[in-house]
Amino acid sequence: MPEPVDAVEMRTALAGLRRTSGLPVAFGGLLSDARHARIAELDGARTGALRGLVISAGSGLGGKAIALARPCAVTDYPTSRHISHEYDTAVAAEGLRSVVAVPVVVRRTVRGVLYGAVRTPVSLGDRTFDAAVAAARDVEQALAVRDEVRELLALTREQAAAGPSAAPGAAPGAWEDVREAHRELRALAPRVADPALRDALLAVCGRLASASGARATPAAVMEVRLAPREVDVVACVAAGATNAAAARQLGLRPETVKGYLRSAMRKLGAHTRLEAVVAARRAGLLP
């Protein structure tokens with residue numbers, strides 16, 4: 001079943017859908033298996049008739065959107081001949097007429113469905129469709145980021161647990177993989193909405209950094225205090241990224257990256273980018 005944090009992301013998307021489209025009702029949920037989605041979140045509903053409704057692929061408007069993996073809409077739900085009507089009782093209890101359903105698709109797999117609805121039979125225009133699709137994309141991006149974080153965590157936890165034995169003496173290519181994983185995890189951290197997952201991610205980053213063969217002394221750790229974004233920028237620089245490339249990876253402006261890098265270099269006592277990377281590794285901030 002979906003984790004509780006998914007509810008937060010879904011609620012945020014539904015609130016955004018109502019705000020940008022002007023639709024009075026929005027609701028949705030994620031798939032619990034390959035063919036069934038459970039309506040878990042409601043925004044603007046007057047009753048609880050839709051909550052907990054299990055939508056099967058191919059059934060009703062949302063099921064059609066799931067099966068086709070594309071947005072679907074009806075002008076008047078109760079009388080539409082283009083959908084099946086297994087869920088008419090719940091839809092009628094909420095008084096919904098015009099409805100749009102948009103699937104949440106991640107890596108070509110449908111992961112959920114979002115709905116927007118009106119209590120009168122009207123034709124839904126392009127603005128409404130665009131808002132519904134944008135809301136679904138927000139959920140898709142959040143799920144994609146979490147998937148990537150989990151994959152990287154799974155790959156790096158074992159390497160981090162191995163400690164120094166995974167560093168010098170191991171294959172150089174393997175240790176470079178550790179450093180690249182560290183950089184990617186640092187870049188993803190600010191985009192993770194789930195505090196527990198973000199903390200786990202950063203904890204693994206810390207273990208990867210401390211696994212470096214160039215062990216930091218307690219004095220070095222106390223003397224160097226970089227802000228999280230300064231560490232992110234130096235990690236990108238360590239991977240050979242230019243300021244422009246680091247900006248793209250971190251979702252920052254190039255000028256902002258320059259500022260973080262200047263600040264990090266000053267704290268590290270470095271005069272060049274290479275010196276900053278070396279100093280950060282000696283301080284145990286990078287693997």
Side-chain angles (χ1 to χ4, degrees), residues 1-21 23 26-43 50-58 60-72 100-116 129-157 180-205 232 248-252:
M1 294 294 291
E3 298 177 358
V5 69
D6 293 331
V8 176
E9 292 162 350
M10 185 65 72
R11 281 197 296 270
T12 300
L14 295 176
L17 172 56
R18 287 190 65 200
R19 183 175 60 254
T20 57
S21 69
L23 293 172
F27 53 101
L30 299 183
L31 269 67
S32 55
D33 58 42
R35 293 187 56 81
H36 300 90
R38 180 177 177 273
I39 304 302
E41 300 301 327
L42 310 175
D43 196 314
L50 298 169
R51 188 179 299 279
L53 200 64
V54 176
I55 308 300
S56 299
L61 183 66
K64 183 177 180 180
I66 292 171
L68 298 178
R70 63 175 175 80
C72 299
V100 59
V102 181
V104 174
V105 184
V106 181
R107 296 180 181 177
R108 300 184 180 181
T109 299
V110 178
R111 300 275 292 273
V113 61
L114 271 63
Y115 300 80
F129 270 87
D130 291 345
V133 169
R137 296 295 175 269
D138 288 343
V139 179
E140 290 168 2
Q141 290 176 13
L143 293 178
V145 167
R146 188 172 325 140
D147 288 350
E148 188 173 355
V149 167
R150 285 171 174 159
E151 289 170 4
L152 284 167
L153 285 175
L155 289 170
T156 56
R157 276 192 174 115
E180 179 62 17
H182 175 271
R183 183 195 61 76
E184 292 183 17
L185 288 170
R186 294 279 331 180
L188 285 169
R191 298 165 57 192
V192 177
D194 178 4
L197 182 59
R198 186 169 58 247
D199 289 345
L201 183 159
L202 292 174
V204 170
C205 286
D232 296 342
R248 288 193 298 272
Q249 293 167 15
L250 300 174
L252 301 172

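No experiment lies behind these values; they were computed from the predicted model shown. All values below come from the heavy atoms of this structure, side chains included, with hydrogens, waters and symmetry mates left out.
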**Report entry** Other residues, nucleotides, ligands: >12 heavy atoms within 6.0 Å of Arg18 CZ
**Finding:**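 More than 12 within 6.0 Å, yes.
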Requested in this report: Rounded to the nearest 0.5 Å, what's the gap from CE on Met10 to CG on Leu143? Could you check?
Outcome: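 It is 7.5 Å, given to the nearest 0.5 Å.
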Quick one: does [X]'s side chain get under 4.5 Å of [Y]'s, heavy atoms only?
X      : Y      : value
Leu17  : Val102 : no
Val105 : Glu140 : yes
Arg38  : Leu31  : no
Gln249 : Asp232 : no

[X] and [Y]: which non-hydrogen atoms are nearest, and at how many Å?
X      : Y      : answer
Ala136 : Pro103 : CB-O, 3.8 Å
Ile55  : Gly63  : CG2-N, 3.4 Å
Ala37  : Val113 : CB-CG1, 4.2 Å
Arg51  : Ala40  : NH1-O, 2.9 Å
Gly62  : Tyr115 : CA-OH, 3.0 Å
Ala67  : Ala57  : CB-C, 4.5 Å

Requested in this report: Please step through side-chain contact (heavy atoms from CB on, under 4.5 Å) for the pair Leu202 and Arg186, ending with a clear verdict.
Outcome: CA-CA 7 Å; Leu202 292 174; Arg186 294 279 331 180; 4.1 Å; yes
Requested in this report: Kindly say whether Val104 contributes a backbone atom to a donor-acceptor pair with the side chain of Arg111 at under 3.5 angstrom?
Outcome: no
Query raised in the report: In this structure, which one of Leu50, Leu114, Leu53 forms a side chain to side chain contact (heavy atoms under 4.5 Å, CB included) with Phe27?
Result: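 Of the listed options, the one satisfying the test is Leu50.
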